[in-house]
Visitor: 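Input: one structure, supplied below.
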2 protein chains.
Amino acid sequence: MKNKYLKIYNEIVKQIENGELEPNVKLPSENNLADKYGASRGTIRKALNLLSQNGYIQKIKGKGSIVLDVKKFDFPISGIVTFKELSKKMGQASDTTVHQLDLMKPDNFLKNQLSVTEDDQIWKVVRAREIGQDKIILDKDFFNQEFVPSLTKEICEGSIYEYLEDELGLEISFAKKVISVEEATREDKEYLDLNGYNVVAVVKNYVHLNDASLFQYTESRHRPDKFRFIDFSRRGV
Amino acid sequence: MKNKYLKIYNEIVKQIENGELEPNVKLPSENNLADKYGASRGTIRKALNLLSQNGYIQKIKGKGSIVLDVKKFDFPISGIVTFKELSKKMGQASDTTVHQLDLMKPDNFLKNQLSVTEDDQIWKVVRAREIGQDKIILDKDFFNQEFVPSLTKEICEGSIYEYLEDELGLEISFAKKVISVEEATREDKEYLDLNGYNVVAVVKNYVHLNDASLFQYTESRHRPDKFRFIDFSRRGV
DNA sequence: GAGTGGTCTAGACCACCTT
DNA sequence: AGGTGGTCTAGACCACTCT
């Protein structure tokens, strides 16, 4: 993290999360901060815009920037977050069971979801996620082998993302998520503790790399009473 | 719209949505665009970053910016979108039935959701939304009267947002949404065509004005098979 | 009128990719 | 080596808010 604006951003985030900067107090003005951090106003503005986008502050023209009550915005899953990060945030014991790990030819469904041809090979990973006592989430992951040459049970039991980013150096860039509610399949009922529910909340995730290529399709199927998705958005942009 | 970077952004958006700029083609370089639009590189970068955030392009360091396939990203409800905009996008006939429109004292639940005191008065609006043949969405809106002095049945049958923004000049700034799945209440069953479902997809929406004050709480309750929520997000920020 | 955030400019250096 | 996007600077003018 050598970027000055990121350092400034992170420092202020820490101060807000610590409580050093309390909700509703005003930040110093941009010119003030520029002096304080030895940066130009442009760099300060870049940091403040990040804070604004992520719901930490509100900028008001002619007045200043005020700190928002970030505690009221409990755990933000907005964006791309992995199961491991999530369960850590919730502070609960978690466990992963790998039910399937195969290299296969894409069927028609997958050829549609991932942009692959007949010849490509696809990794299929099916994992049940346990938080607290119950198996609550069924993750079905599909990777193009072109990007992920090898995959082991051990990797799947931990965080595949860590492996992809740290070991393989893949740079995940953006994702489209589609959230819906579907009837529970036989597979859902077999692998999850559905507690009598006959529907699941489904998050379909299309993950792209830095060069915009689509390399992963994921379906995350949640027991409805344990599902929450939080979205923070600003009007206009 | 007098901002130069917004004009440039909108021009390029139009070109992408028209098909003048096809997916996977490279945009001109930033220096090129700066000449072309008679702007500085900083202004061009502002426009391009907007395009990137909204899923129109992908910027790749050292190479250039490429156009993403925006048609694959069908209707994006990401962010704050009103029912009227949504039904227009889906190109279907739509209808709104106002079941309740009252000025009331806040109960404990509302005092928690909205930041109001005993003395404030709250508008409560309950509306059923029909798309196609079925009543699919039940909207329960709560406004602080401090911000919305008067409200009529006619306004509620159209778009409350248009009224708030155009007539009252309120500037909606940001919102937090929480998506979950809940058991259908007696109210849901009474006002909606639930088709046998006993759960609903619920979007709880906390809407803030420009000065960060919370002025509206909304619950949008959807029949599960008709519910979709789409989220586009970039990693890191 | 003084202070604030929003926009825009012109120039500089860097890391990265292509050739 | 030359082009590209990413960062940073210093200065300018504007619209808005407060007093």
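The model shown is predicted, which means the values in this text are computed figures rather than measured ones.
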Visitor: Over how many whole Å does the gap from K59(B) atom NZ to dT4(D) atom C1' extend?
Guide: 10 Å
Visitor: Between I60(A) and I44(A), which residue's closest nucleotide on DNA chain D lies nearer the 5′ terminus?
Guide: I44(A)
Visitor: Of the options R127(A), K204(A), R221(A), which is the one that meets D141(A) in a salt bridge (Lys or Arg N to Asp or Glu O under 4.0 Å)?
Guide: R127(A)
Visitor: What protein N or O atoms touch nucleotides 10-16 of chain D N or O atoms at under 3.5 angstrom, if any, and at what distances?
Guide:
residue	atom	partner	partner atom	Å
dA12(D)	N6	R41(A)	NH1	3.4

Visitor: Does N210(A) offer a backbone N or O that forms a donor-acceptor pair with the side chain of Q58(B) under 3.5 Å?
Guide: yes
Visitor: For atom CD of E20(B), is the number of surrounding heavy atoms from other residues, nucleotides or ligands below 6.0 Å larger than 12?
Guide: yes
Visitor: Looking only at side-chain atoms of Y5(A), point me to the closest of dT7(D), dT9(D), dG6(C).
Guide: dT7(D)
Visitor: Please confirm whether the shortest side-chain N or O distance from T43(A) to OP1 or OP2 of dT7(D) is below 4.0 Å.
Guide: no
Visitor: Is the ring pair F142(A)/Y217(A) parallel, tilted or perpendicular, if the boundaries are 30 and 60 degrees?
Guide: parallel
Visitor: Can a side chain N or O of S29(A) be found less than 4.0 Å away from OP1 or OP2 on dG3(C)?
Guide: no
Visitor: Just how far, in rounded Å, is C1' of dG6(C) from NZ of K4(B)?
Guide: 15 Å
Visitor: Strictly distance-based, threshold 3.5 Å: is any side-chain N or O of R45(B) a donor or acceptor partner for the main-chain N or O of E30(B)?
Guide: no
Visitor: In whole Å, I'd like the distance from the CG atom of N32(A) to the C1' atom of dG5(C).
Guide: 13 Å
Visitor: Over how many whole Å does the gap from D211(A) atom CG to dC16(C) atom P extend?
Guide: 16 Å
Visitor: Is the shortest side-chain N/O distance from K46(B) to OP1 or OP2 of dC8(C) below 4.0 Å?
Guide: no
Visitor: Scan side-chain atoms only and decide if Q15(B) and Y56(B) contain a donor-acceptor pair under the 3.5 Å cut-off.
Guide: no
Visitor: Given atom CG of N210(B) and atom P of dG5(C), what is their separation to the nearest angstrom?
Guide: 15 Å
Visitor: Could you check how far CD of Q58(B) sits from P of dT4(D), rounded to whole Å?
Guide: 18 Å
Visitor: Tell me: CG of N3(A) to C1' of dT7(D), nearest whole Å?
Guide: 7 Å
Visitor: Roughly how many Å is it from CG in L33(B) to C1' in dG3(D), rounded to a whole number?
Guide: 14 Å
Visitor: Flag the pair K153(B) and E157(B) as a salt bridge only when some basic side-chain nitrogen lies within less than 4.0 angstrom of an acidic carboxylate oxygen.
Guide: yes
